[in-house]
Colleague: 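Let me give you the structure first, and then I'll get to my questions.
Read the numbers this way: they start at 1 and go in the same order the structure lists the ligands and their atoms. Reckoned from all heavy atoms, side chains included, excluding hydrogens, waters and symmetry mates.
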Amino acid sequence: MKDIKVLISEKDIKKRITELSQMISKDYKNEEIVAICLLKGATYFAVDLTKKIKNTMIIDFMKISSYGNNFKSSGKVNILFDITTDIKNKNVLIIEDIVDSGLTLNKIKEYLSLKEPASIKTCVLLNKKERREYPFEPDYTGFEIGDYFIVGYGLDYNDKYRNLPYVGYIE
Ligand code: IMP
Ligand code: MG
């Protein structure tokens, strides 16, 4: 096991998710939402967040792979698993674990926009602003963080450590 330090505690994650769910519920009023969870990283966040949103909701999933290793994106994304929901004229909320270079969310947003949803917004747990290579601003952000390599609460290093209940970083 690598040396993993706590960056954001389970308690602080829970508190922030409650705040995010309140903002989202308020903004969408009584509208129906199609929440799209990006696998695998956003699963823990998406489960906890969607349970707290009162709107009528459809949940769907997408799996994307970026080429390259764990630490560096290579400029390409590949859809491994697509949504099955018809999102035309629907309010789409993409739920993602972390925005780093901005490539993934830029590409996914562009791809889903072609399906003509009524609206499309993004909600990320973590935002590494200083790492941006492709301009991208999430609509809802859990926490702004520095340039750490994060594991836990869904995020992985070589597909491990997702089940840690907190957001940690590898030293
Ligand atoms: P982007 O396309 O460069 O914005 O990267 C987003 C994707 O890279 C996320 O969906 C994560 O899978 C992965 N990623 C970026 N930073 C980290 C990290 O610190 N820990 C684990 N995965 C990360
Ligand atoms: Mg990911």
Colleague: Only heavy atoms count here, so choose which of Asn158, Ile98, Thr104 is nearest to atom 13 (C) of ligand 1.
Modeller: Ile98
Colleague: In ligand 1, which numbered atoms sit nearer than 4.0 Å to a non-hydrogen atom of Glu96?
Modeller: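 Those atoms are 9 (C), 10 (O).
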Colleague: Residue-level breakdown please: for Leu155 versus ligand 1, do any non-hydrogen atoms fall below 4.0 Å on the side chain, on the backbone, on both, or on neither?
Modeller: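 For Leu155, the contact with ligand 1 is made by the side chain alone.
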Colleague: Does the pair Lys29/Asp27 count as a salt bridge with the N-to-O cut at 4.0 Å?
Modeller: no
Colleague: Specify side chain, backbone, both or neither for Arg131, according to which of its non-hydrogen atoms lie closer than 4.0 Å to ligand 1.
Modeller: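 Neither; nothing of Arg131 gets under 4.0 Å from ligand 1.
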Colleague: Regarding atom 1 (P) of ligand 1: of the candidates Ser65, Ser101, Gly41, Gly152, which has the closest heavy atom?
Modeller: Ser101
Colleague: Are any of the side-chain heavy atoms of Ser113 and Ile120 separated by less than 4.5 Å?
Modeller: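 Yes, their side chains come closer than 4.5 Å.
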Colleague: Looking only at heavy atoms, what is the nearest atom pair of Ala42 and Ile95, with distance?
Modeller: CB-O, 3.3 Å
Colleague: Could you name the option among Lys40, Arg132, Lys128 that has the heavy atom nearest to atom 17 (C) of ligand 1?
Modeller: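 Residue with the shortest heavy-atom distance to the ligand atom: Lys128.
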Colleague: Is it the case that over 12 heavy atoms from other parts of the model lie below 6.0 angstrom from the CG atom of Asn30?
Modeller: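 Atom CG in Asn30 is not packed in, count stays at 12 or less.
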Colleague: Between Phe136 and ligand 1, which part of the residue brings a heavy atom under 4.0 Å of the ligand: side chain, backbone, both or neither?
Modeller: neither
Colleague: Examine the proximity of ligand 1 to Glu133 and report which part, side chain or backbone, both or neither, has a heavy atom under 4.0 Å away.
Modeller: neither
Colleague: Is it the side chain, the backbone, both or neither of Val151 that has a heavy atom closer than 4.0 Å to ligand 1?
Modeller: neither
Colleague: Which atoms from ligand 1 have a heavy atom of Asp156 less than 4.0 Å away?
Modeller: 21 (C)
Colleague: Check ring-ring contact (aromatic ring centres under 6.0 Å, His included) between Tyr169 and all other residues, then give those that pass, not counting sequence neighbours.
Modeller: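 For Tyr169, the residues satisfying ring-ring contact (aromatic ring centres under 6.0 Å, His included) (neighbours in sequence not counted) are Tyr148.
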Colleague: Relative to the heavy atoms of Tyr148, which atoms of ligand 1 are at a distance of less than 4.0 Å?
Modeller: 19 (O)
Colleague: Between Arg132 and Phe136 (side chain of the first, backbone of the second, donor and acceptor by atom type, cut-off under 3.5 Å), is there such a pair?
Modeller: yes
Colleague: May I ask you to check whether Asp48 and Tyr153 show a side-chain donor-acceptor distance below 3.5 Å?
Modeller: yes
Colleague: Under 3.5 Å between some N or O of ligand 1 and some N or O of Gly102?
Modeller: yes
Colleague: Closer than 4.0 Å to some heavy atom of Leu103 - which atoms of ligand 1 meet that?
Modeller: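 Those qualifying, in numeric order: 2 (O), 4 (O).
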Colleague: Using the ring of Tyr28 (Phe, Tyr or Trp, six-membered ring only), decide whether Lys121 places NZ or CZ under 6.0 Å from its centre and within 45 degrees of its axis.
Modeller: yes
Colleague: Do Tyr140 and Val124 make a side-chain contact, defined as non-hydrogen atoms from C-beta onward lying under 4.5 Å apart?
Modeller: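 A side-chain contact under 4.5 Å is absent here.
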